[in-house]
S.K.: 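Below you'll find the structure I mean.
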Amino acid sequence: MANVTELFGSMVFDDRKMQERLPRTTYKSLKKTVKNGEPLDISVANAVANAMKDWAVEMGCTHYTHWFQPMTGVTAEKHDSFIYPTDDGRIIMEFSGKELIKGEPDASSFPSGGIRATFEARGYTTWDPTSPAFIRDKTLYIPTAFCSYTGEVLDKKTPLLRSMERLSDVAVQVLHLLGKNDVTRVTTTVGPEQEYFLIDKTMYDKRPDLIYTGRTLFGAPAPKGQELEDHYFGSIKTRVSAFMNDLDEELWKLGVFAKTKHNEVAPSQHELAPIFETSNIATDHNELTMEVMKKVAEKHGLVCLLHEKPFAGVNGSGKHNNWSISTNTGENLLDPGKSPETNLQFQLILAAVVKAVHEYQDLLRLTVASAGNDHRLGANEAPPAIISMYLGDDLGALVESIVNGTEYKRSDGSDMLTKVNVLPDFKKDSSDRNRTSPFAFTGNKFEFRALGSSLNIACPNYMLNTIVAEELSEFYEEMKASSDIESTVKEIVRKTLTEHKNIIFNGDNYSDEWVAEAEKRGLCNYRSLPEAMQHYVDRKNIDLFEKNGILNEAEIRARYEIELEHYSKQIRIEALTMVDMAEKNIAPAVISFVKEMTDAALAKKQLLPGASVFAETQLVEELSNELEAFVKKTAELKEAAAGVKAISDSLEQATYCRESVFVLMNELRALGDSMEQKTSAKYWPYPSYGELLFGV
Ligand code: ADP
Ligand code: MG
């Protein structure tokens, strides 16, 4: 491997390259846009475009692309070459500020949720100068936002950028009232921990369910799963290690701070954690990370599965969204400091987050809802579908003392005595970890843990930023009318924590008691996407987004439609894939095996009239019965899947998918898996769980 410090960012048009290649004034005004959010001038864009192009061409690029994040759930790109014809019939390499700023992909084939009729095909991509351009496959990638001709937002990045600006504006106002006049900008930071599976490509190629849906739709459990707990943090296999090294290198080139890698709980499951960055860049980098993971895996004869639940019976994959807020003066607003009991600023921010999570638990829940993640939430491997907050012992005690007006007693931040002379003693963390909470305070940040592994983190983060901005703006209104800021803030904190402490839960979120307790507390428990998603368009939520300038009502309704439709389409594809596998391969395989058993029994009888054919007969009988049920269930599922498109209302359609189609899928699977366990491996048409999970 080349020198890592040189390798890092070598494919990125980063700050250093801009300084080297841009005139000083251009560089300065670009920096102003990036750092302070000031509008960008076209002359600046022209100069930047030219410098970017020169660098890209030197690096061997022939094309550029506006890279964006439409509502499809994956990123999109359309490549244009830099070539420009000259009068003498030759070409030069050209790239203008206009081309940098604005792209015009045909928008008609991207989901718009009914905002735009297909004949109004125009859509625009707009350069996002806050996220650096980079090179992949001889193409210059320019991160952009995407909107329709009439200006409606059609992507995930725009609401994120808007929410970051909104939160900054209100937080700065609040901080100024608290005497922090030097703060001019506040940014949110995110470090997303990414889980994934790696399986052998040759096995993957034999599984249409993995190919079409990303998860196994049939598959009896292997004799061994994750029960020995020997995979988590286990030593990394050579082939996986080679993949991980390659992945790190590719990500480093792209300026992604890939930091930690380890094996996860399930066999074949792994994790990558980067160092945190501003939310916007963290989002782009997480999208890149997922894409690069897939590409690098291919090079190693592997397939990277990012689905939330590729295998039944072992853990699925999530993504932990570590989120914090910091000022341009370098202060982390979620850092409690040495004495949180006297740190009013921290208490105020904490109160805002507590209130936000309580009042908008539905939004946090629905932003992590997906057909894939529905398999995890509430399944004792991921946080439950009930949103609550974990504050730990210290902050928990602080909240109690504020609410009850009693003295605050900190738990002992005592020394950890290893009791072995050669091992150094060290300070313990102030609280242990709680792996079961969906939203946990972890020292100086919150860790939102309910995200599915394939989710674009822009969505949960614009929700988080918006709801906290809303609460801070409400606090600001109260504060600015006050002549005694200190007592007003104390009162806001006390009142807010008292009214909203029901969202705080420091116990075991996996327990049944919590489900009952949460119900008593009036917390939402939306088990599936259709149940959760309908609250997107609740009046209070539409008002929230409109008031804070994040999305308008039409855009929210469009998103609601897109999410529901996407869910129904996914379930339908899964159902059709199951039917296909059942009819074309599984049923015929079982029939052939039953025939072989029958023939064997008959032949045995002929040869040795007195011999027992008990084993063969029993197997033939059991399999024949199951096969009959299986074939009938397949027909039922086929019919149910055919009914999906007949329902025009998208919520009704999604609910039907969940309550009818999905239920039949589970029943069909149970029958299929039972037959797999009885059928000779020689006949079974698909690689087994054992081969898939332990094949690398
Ligand atoms: P833990 O081990 O408690 O999960 P780590 O320090 O390992 O904590 O951090 C986990 C993730 O949180 C990493 O991606 C890290 O970069 C990120 N992180 C740390 N500090 C912040 C912060 N201030 N804002 C956002 N993410 C952060
Ligand atoms: Mg963590």
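When a ligand or atom number is given, it counts from 1 through the structure's own listing order. Keep in mind that what you see is a predicted model, and the values were worked out from it rather than measured.
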S.K.: Can you pull out every salt bridge (charged side-chain N to carboxylate O under 4.0 Å, His left out) where at least one residue sits in residues 282-293? Sequence neighbours excluded, please.
M.R.: R136-E291, K157-D284
S.K.: So between A273, S324, P274, whose heavy atom ends up nearest atom 14 (O) of ligand 1?
M.R.: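 Ranked by closest heavy atom to atom 14 (O) of ligand 1, first place is P274.
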S.K.: Have T329 and D182 got a donor and an acceptor in their side chains that come within less than 3.5 Å?
M.R.: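 No - no donor-acceptor pair under 3.5 Å links their side chains.
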S.K.: Within a distance under 4.0 Å of any heavy atom of I275, pick out the atoms of ligand 1 and give their elements.
M.R.: 16 (O)
S.K.: Which atoms of ligand 1 have any heavy atom of E193 under 4.0 Å away?
M.R.: 4 (O), 10 (C), 11 (C)
S.K.: Can you list the atoms of ligand 1 that are under 4.0 Å from a heavy atom of G191?
M.R.: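 Under 4.0 Å from G191, ligand 1 has these atoms: 14 (O), 25 (C), 26 (N).
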S.K.: With heavy atoms under 4.0 Å as the rule, classify the contact between N332 and ligand 1 as side chain, backbone, both or neither.
M.R.: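 Looking at N332 and ligand 1, just side chain atoms fall under 4.0 Å.
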S.K.: Assess the pair F243 and H270: is the distance between their ring centroids shorter than 6.0 Å?
M.R.: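 Not close enough - the centres of the two rings lie 6.0 Å or further apart.
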S.K.: Please compare K445, Q194, K259, E277 and report which has the shortest non-hydrogen distance to atom 5 (P) of ligand 1.
M.R.: K445
S.K.: Between E250 and K253, is the closest basic N to carboxylate O distance under 4.0 Å?
M.R.: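 Yes, K253 and E250 are salt-bridged.
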S.K.: Is there a donor-acceptor contact under 3.5 Å linking the side chains of Q69 and N456?
M.R.: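 Yes, side-chain donor-acceptor contact under 3.5 Å.
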S.K.: Taking atom 20 (N) of ligand 1 as the point of reference, which of F446, F276, F257 owns the nearest heavy atom?
M.R.: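 The residue whose heavy atom sits nearest atom 20 (N) of ligand 1 is F276.
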S.K.: Does any N or O atom in T442 lie less than 3.5 angstrom from one in ligand 1, N or O only?
M.R.: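 N/O-N/O distance under 3.5 Å: no.
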S.K.: Tell me which one of T260, L272, N322, L333 gets a heavy atom nearest to atom 25 (C) of ligand 1.
M.R.: N322
S.K.: Is there any ring-ring contact (aromatic ring centres under 6.0 Å, His included) pair reaching into residues 335-381, and which pairs are they, with sequence neighbours excluded?
M.R.: H358-H500, H375-F662
S.K.: Do the rings of F68 and F146 sit parallel, tilted or perpendicular, given the 30° and 60° boundaries?
M.R.: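 It falls in the tilted class, 30° to 60°.
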